[in-house]
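Quick notes on the structure that follows.
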Amino acid sequence: MKNPILETQPLGFTWVTADPFLFCVHHEDSYPAGNERLGPAASLAGRQLGQDFEGRDGWRMYHGESVPGFPQHPHRGFETVTIVRRGFIDHSDSLGATARFGGGDVQWLTAGAGIVHSEMFPLLDRRNPNPFGLFQIWLNLPASDKFAPPHFSMLWSQDIPRCAFTDEAGRGTEVTVVAGQLEGRRAPPPPPHSWAARPDSDVAIWIIRLDAGASWTLPPAAHSRTNRTLYFFHGASLRVADHLVRSHAALAVRSDTAVRLEAAGGACEVLLLQGRPIGEPVAQHGPFVMNSRMEIQQAFLDYQRTRFGGWPWRTDDPVHGPEEGRFARHPDGRVERPAR
């Protein structure tokens with residue numbers, strides 16, 4: 001039997017990805033109790049505010065100065081998939097849309113022709129710590145959709161399939177299906193211009209949690225050309241087929257064969273990213289991802305000229321009220337809230 005592992009790389013602050021993915025990051029922060037401004041009720045002295053990635057005391061302000069997060073910034077030419085496992089994100093954008101989501105919710109945003117948005121992390125609990133965790137994944141768009149109208153979809157936690165499996169020893173595995181399908185259960189639809197919306201894209205985003213000692217077999221992908229990467233990010237050790245992985249790592253694996261996973265040293269968690277490659281040139285500069293340097297230059301010119309619709313909010317880092325629940329207000333004024 002062929003070794004299913006094609007390549008192994010250690011996990012850094014950002015994680016290596018393969019076409020059609022561009023970027024993946026896993027943020028985990030142990031924020032303290034919040035204050036009246038929804039920022040940390042703790043001293044910010046000694047932090048490099050506006051660029052705080054050090055992780056002092058177990059948490060970061062990132063680009064935020066009073067509330068952690070990422071104040072207004074532009075994107076063009078790709079998509080962001082933001083999976084909030086703990087805590088909340090307050091979204092605001094240049095189209096006038098807003099949202100608050102968390103606790104397993106996912107926002108799937110097609111930047112397309114261009115959007116400016118902010119992603120702030122409000123600390124809503126003023127009495128207790130505010131643990132926070134998310135994945136942000138960048139999925140490329142093909143040239144034909146680089147200038148699609150900006151759009152976001154909310155995948156509320158209760159609508160995302162979670163597939164449960166039990167091995168012969170009675171140990172459990174749960175697979176959260178953010179994109180793609182498993183065992184006949186399909187994730188909520190991505191935005192209409194997403195590469196993932198194409199039936200032959202074979203895009204899957206799964207979070208696999210194995211109980212201590214549990215084993216589960218990852219089925220083959222639908223297409224042999226699919227790129228498939230497993231990110232072992234939680235747990236002491238993971239057995240992949242016959243190979244014991246003792247440190248957190250990104251493992252590119254064969255897509256045309258089933259791969260047995262086993263939590264060899266306590267419970268484990270693995271993120272799966274897979275998709276058929278777009279196979280086009282990638283030109284990237286900061287928040288813009290196009291197919292040529294000329295298109296990148298044009299993106300900067302367009303942003304300087306139009307600000308992708310302008311910024312309709314009073315501050316660069318807006319947050320919603322402390323009593324506001326999870327919701328999304330779309331550019332057309334439509335408001336959605338998850339069922340309780």
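Remember, it's a predicted structure, so these values are computed and weren't measured experimentally.
Judged purely by atom type and a 3.5 angstrom limit, Asp125 has no side-chain atom pairing as donor or acceptor with the backbone of Asn130. Formation of a donor-acceptor pair under 3.5 Å by the Thr17 side chain with backbone atoms of Cys24 is not found in this model. The closest donor-acceptor contact from the side chain of Tyr31 to the backbone of Met61 lies at 3.5 Å or more, if one exists at all. Listed for the Thr110 side chain is no donor-acceptor partner under 3.5 Å among the backbone atoms of Gly112. A distance-only check finds no donor-acceptor pair linking the side chain of Arg37 to the backbone of Val67 [under 3.5 Å]. Within the 3.5 Å criterion, the main-chain N or O of Ser215 finds a donor-acceptor partner in the side chain of Asp167. Judged by distance alone, the side chain of Gln274 and the main-chain N or O of Asp202 form a donor-acceptor pair under 3.5 Å. Without hydrogens or angle criteria, Trp195 side chain to Arg276 main chain gives a donor-acceptor distance under 3.5 Å. Here the side chain of His117 pairs no donor or acceptor atom with the backbone of Pro74 at under 3.5 angstrom. Asp105 places no side-chain N or O within 3.5 Å of a backbone atom of Trp156 that could act as its donor or acceptor partner.
The closest side-chain heavy-atom distance from Arg239 to Ser237 is not below 4.5 Å. In this structure the side chain of His285 never reaches within 4.5 angstrom of the side chain of Met290, judged on heavy atoms. Between Ile278 and Pro20, some side-chain heavy-atom pair lies under the 4.5 Å cut-off. Contact of the Asp317 side chain with the Glu65 side chain is not registered, since no non-hydrogen atoms from C-beta on lie closer than 4.5 Å. Arg100 places a side-chain heavy atom less than 4.5 Å from the side chain of Leu124. Side-chain contact between Ile205 and Leu273 is present, with heavy atoms from C-beta onward closer than 4.5 Å. Pro318 places a side-chain heavy atom less than 4.5 Å from the side chain of Ser118. When side chains are defined from C-beta on, Ile115 counts as touching Ser94, because their heavy atoms get closer than 4.5 Å.
Salt bridge absent: Arg60 and Asp52 never bring a charged side-chain N and a carboxylate O closer than 4.0 Å. Under the 4.0 Å criterion applied to side-chain N and carboxylate O atoms, Lys146 and Glu280 are not assigned as salt-bridge partners.
For the atom pair OG1 (Thr14) and CZ (Phe23), the distance works out to 6.0 Å, reported to the nearest 0.5 Å. Rounding to the nearest 0.5 Å places CD of Glu262 at 10.5 Å from CG of Asp242. Between the CZ atom in Arg85 and the CZ atom in Phe135 there is a gap of 5.0 Å [rounded to 0.5 Å]. Taken from CG in Asp93 to CH2 in Trp311, the straight-line distance is 7.0 Å, to the nearest 0.5 Å. In this structure, CZ on Arg228 lies 11.5 Å from CZ on Arg254, to the nearest 0.5 angstrom. Rounding to the nearest 0.5 Å gives a distance of 9.0 Å between CG of Asp19 and CZ of Arg225.
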Arg76 vs Asp302, side-chain contact (heavy atoms from CB on, under 4.5 Å): CA-CA, chis, key distance, verdict: CA-CA 10 Å; Arg76 170 181 275 185; Asp302 290 346; 2.9 Å; yes
Chi angles and distances behind the side-chain contact (heavy atoms from CB on, under 4.5 Å) call for Phe21, Thr229: CA-CA 10 Å; Phe21 297 96; Thr229 306; over 6 Å; no
Verdict with reasoning, Phe327 to Met154, per side-chain contact (heavy atoms from CB on, under 4.5 Å): CA-CA 9 Å; Phe327 78 98; Met154 294 305 309; over 6 Å; no
Derivation of the side-chain contact (heavy atoms from CB on, under 4.5 Å) call for Ser157 and Arg162: CA-CA 10 Å; Ser157 178; Arg162 290 168 175 83; 3.1 Å; yes
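No continuous path of ILVMFWY side-chain contacts below 4.5 Å connects Val81 to Val16, so the two sit in separate hydrophobic clusters. One hydrophobic cluster, built from ILVMFWY side chains closer than 4.5 Å, holds both Phe300 and Val116. No continuous path of hydrophobic side-chain contacts links Leu139 to Leu109 [ILVMFWY only; heavy atoms under 4.5 Å]. Grouping the Ile, Leu, Val, Met, Phe, Trp and Tyr side chains by contacts below 4.5 angstrom, directly or via other members, places Phe308 apart from Phe78. Both Val25 and Phe53 sit in one connected hydrophobic cluster of ILVMFWY residues. Membership requires side-chain heavy atoms under 4.5 Å apart, directly or through other members.
Side-chain polar atoms of Trp313 and Gln72 form no donor-acceptor pair below 3.5 angstrom. Between the side chains of Asp29 and His27, no donor-acceptor pair is found at a separation under 3.5 Å. In the model, His330 has a side-chain atom that pairs as donor or acceptor with a side-chain atom of Glu336 under 3.5 Å. Judged by distance alone, the side chains of Glu119 and Gln107 never bring a donor and an acceptor atom under 3.5 Å apart.
Among all heavy-atom pairs drawn from Ser194 and Glu79, the shortest one is OG-OE1, 2.7 Å. Of all heavy-atom pairs between Asp211 and Ala263, the closest is O-CB, 3.3 Å. A pairwise comparison of heavy atoms in Gly77 and Leu141 identifies O-CB, 3.6 Å as the closest pair. In terms of heavy-atom proximity, Arg198 sits nearest to Pro142 at NH2-CG, 3.3 Å. Closest non-hydrogen pair, Ala33 versus Arg126, comes out as CB-O, 3.6 Å. The two residues Ala283 and Arg293 come nearest to each other via the heavy atoms CB-N, 4.0 Å.
Paired with Tyr62 under the rule ring-ring contact (aromatic ring centres under 6.0 Å, His included), one option of Phe70, Phe132, Phe13 passes, and it is Phe70. For the ring-ring contact (aromatic ring centres under 6.0 Å, His included) with His75, the lone residue among Phe288, Tyr303, Trp138 that qualifies is Trp138.
Val335 belongs to no hydrophobic cluster with other residues, because no ILVMFWY side-chain heavy atom falls under 4.5 Å from its own, directly or through intermediates. Alongside Val253, the hydrophobic cluster contains Ile5, Phe165, Val175, Val177, Leu182, Trp206, Ile208, Leu210, Trp216, Leu218, Leu230, Phe232, Leu238, Val240, Val245, Leu251, Val259, Leu261, Val270, Leu272 (criterion: ILVMFWY side chains under 4.5 Å).
For Phe152 and Phe101, the gap between ring centers reaches or exceeds 6.0 Å.
In the displayed structure, Arg329 atom CZ is contacted under 6.0 Å by at most 12 heavy atoms of other residues, nucleotides or ligands.
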